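The structure presented is a predicted model; accordingly, all values stated were derived computationally and were not measured. Whatever order the structure lists them in is the order used to number ligands and atoms, beginning at 1. Counting begins at 1 with the first residue of the sequence.
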Amino acid sequence: MTAPVPIITIDGPSGSGKGTIADQLAQTLGWHLLDSGALYRLLALAAQQRGITEPEQHRAELAKLAVSLPIEFRPDSSGNSKAWLDGVDVSGAIRQPQISGLASRVAAIPEVRTGLLQRQRGFLRLPGLVADGRDMGTVVFTEAPLKIFLTASAEERAKRRYKQLKAKGESVNIARLYREIEERDRRDRNRKVAPLRPAANAIVIDSTEMSIQKVLDEILSLHYKLDLSL
Ligand code: DC
């Protein structure tokens, strides 16, 4: 029998710090990383490129795309990790606000979620996987021994997003960001399939008042404790 591949799942709403934490955790442990939100974003971008503005009316087509879409995660020539669609670096394009909204609608389609399931599980490889998303602990990797649910208040998450976008030189309105975050949260929490919620055995960490380093240290200490007890 082969040894099971260790997994840490990190779920939570947008702006909770999941992406940064998952990335740093994977680097610290030397494990693979699955940014499952990027898969939904890539699919949303592919839909937009095909002129689809109402994803709910193109369920079968999107489900097919979910299985067959030519996507890759690999570094560019400077060594920075990037997302590629059809051989084109779309890392910037998939972070546009319009794609965020479309991704959340695409992600609410059950056939799309089923289509992406095996793809996500394909990321599971030794020496281990850090999986970042909304349903990593509840649906995709239910067997994970360590499940984290990372939250922060909506105000704090809007502030973080505001700072990120400002640093990139984008003109942003914090009230609008807050509204968009609330709208996306509402859709992600209330959808019928795989709604955003902590797994029964998840450890909930509220990062509103915590630095990234503090969250990371807490997860690492949970991981090492669990590792010792196995
Ligand atoms: O984490 P993110 O903001 O990049 O995710 C983009 C959208 O995809 C978000 O609205 C929620 C959705 N998503 C999902 O439904 N399930 C996941 N495992 C990851 C993301």
Side-chain angles (χ1 to χ4, degrees), residues 7-23 25-26 32-48 55-56 59 62-63 65-66 69 71 73 81-83 85 90-124 129-142 144 147-152 154 156-158 160-162 164-165 177-199 202 207:
I7 317 169
I8 300 177
T9 60
I10 307 185
D11 289 306
S14 53
S16 57
K18 272 178 311 126
T20 310
I21 300 288
D23 191 37
L25 191 61
H32 300 281
L33 173 70
L34 165 61
D35 172 2
S36 60
L39 292 178
Y40 289 96
R41 287 173 179 275
L42 283 160
L43 192 53
L45 182 66
Q48 192 194 52
E56 302 77 11
R59 297 158 80 110
L62 289 173
L65 265 182
L69 206 62
I71 55 182
F73 295 100
S81 179
K82 301 282 180 183
L85 178 60
V90 292
S91 315
I94 61 168
R95 301 286 154 198
Q96 296 298 316
Q98 210 188 344
I99 294 298
S100 303
L102 196 57
S104 160
R105 290 170 64 189
V106 163
I109 299 172
E111 296 89 334
V112 164
R113 303 199 73 86
T114 309
L116 285 180
L117 204 55
Q118 285 315 319
R119 267 195 127 133
Q120 296 177 85
R121 292 194 177 136
F123 281 76
L124 190 57
L129 179 71
V130 177
D132 157 6
R134 303 293 189 288
D135 61 343
M136 298 295 99
T138 50
V139 176
V140 184
F141 301 109
T142 48
K147 299 178 183 177
I148 305 293
F149 191 84
L150 196 58
T151 73
E156 176 63 22
R157 289 185 286 127
R160 288 177 188 172
R161 194 48 51 104
Y162 178 80
Q164 268 175 0
L165 294 172
L177 277 180
Y178 180 78
R179 277 199 307 277
E180 283 171 1
I181 281 186
E182 288 236 295
E183 167 65 18
R184 212 135 65 89
D185 280 2
R186 192 192 52 71
R187 207 181 294 132
D188 293 343
R189 287 197 170 110
N190 295 320
R191 69 176 172 226
K192 289 205 184 75
V193 275
L196 173 65
R197 62 173 173 80
S207 75

Relative to ligand 1, is [X] under 4.0 angstrom through side chain, backbone, both or neither, heavy atoms considered?
X	result
Arg191	side chain
Arg187	neither
Asp11	neither

So, regarding Asp135 and ligand 1 (criterion: nitrogen or oxygen to nitrogen or oxygen, under 3.5 Å), is there a contact or not? yes
Can I get a per-line list of side-chain donor-acceptor pairs under 3.5 Å for residues 16-23, giving both atom names and the distance, sequence neighbours left out?
residue: Ser16; atom: OG; partner: Pro13; partner atom: O; Å: 2.8
residue: Ser16; atom: OG; partner: Leu150; partner atom: O; Å: 3.4
residue: Lys18; atom: NZ; partner: Asp132; partner atom: OD1; Å: 3.3

Can you name the salt bridge (Lys or Arg N to Asp or Glu O under 4.0 Å) partners of Arg160, sequence neighbours left out? Glu156
Please list, in number order, the atoms of ligand 1 under 4.0 Å from a heavy atom of [X].
X	answer
Gly133	18 (N), 19 (C)
Lys18	1 (O)
Met136	18 (N)
Arg184	3 (O), 9 (C), 10 (O)
Asp188	9 (C), 10 (O), 11 (C)
Ala107	12 (C), 15 (O)
Ser104	10 (O)

Which residue holds the protein heavy atom closest to [atom], what is that atom called, and what is the gap in Å?
atom	answer
atom 7 (C) of ligand 1	Ala103 CB, 4.0 Å
atom 20 (C) of ligand 1	Gly37 CA, 3.5 Å
atom 16 (N) of ligand 1	Arg113 NH2, 3.0 Å
atom 9 (C) of ligand 1	Arg134 NH2, 3.5 Å
atom 19 (C) of ligand 1	Ser36 OG, 3.4 Å
atom 3 (O) of ligand 1	Arg41 NH2, 3.0 Å
atom 8 (O) of ligand 1	Tyr40 CB, 3.6 Å

Is the shortest side-chain heavy-atom distance between [X] and [Y] below 4.5 Å?
X	Y	value
Arg95	Gln164	no
Arg134	Ser14	yes
Glu180	Arg161	no

Less than 4.0 angstrom from a charged side-chain N to a carboxylate O is my criterion; do Arg187 and Glu183 meet it?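 Answer for the salt bridge query: yes.
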Looking at ligand 1, is there an atom of it that comes within less than 4.0 Å of some heavy atom belonging to Arg95?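 Judged by the 4.0 Å heavy-atom criterion, Arg95 does count as contacting ligand 1.
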Let me see the working for Leu34 and Met136 under side chain to side chain contact (heavy atoms under 4.5 Å, CB included), right down to the final yes or no. CA-CA 10 Å; Leu34 165 61; Met136 298 295 99; 4.0 Å; yes
Once you round to the nearest 0.5 Å, how far does CZ of Arg184 lie from OG of Ser100? 4.5 Å
Nearest 0.5 Å, what's the CG-CG distance between Leu165 and Leu177? 6.0 Å
May I have the step-by-step check of side chain to side chain contact (heavy atoms under 4.5 Å, CB included) for Phe73 and Leu33, ending in yes or no? CA-CA 10 Å; Phe73 295 100; Leu33 173 70; over 6 Å; no
Carefully, step by step, assess Arg113 and Arg191 under the rule side chain to side chain contact (heavy atoms under 4.5 Å, CB included). CA-CA 12 Å; Arg113 303 199 73 86; Arg191 69 176 172 226; 3.3 Å; yes
Do you know which of Leu43, Leu85, Leu45 makes side chain to side chain contact (heavy atoms under 4.5 Å, CB included) with Ile71?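 It is Leu85; the other options fail the test.
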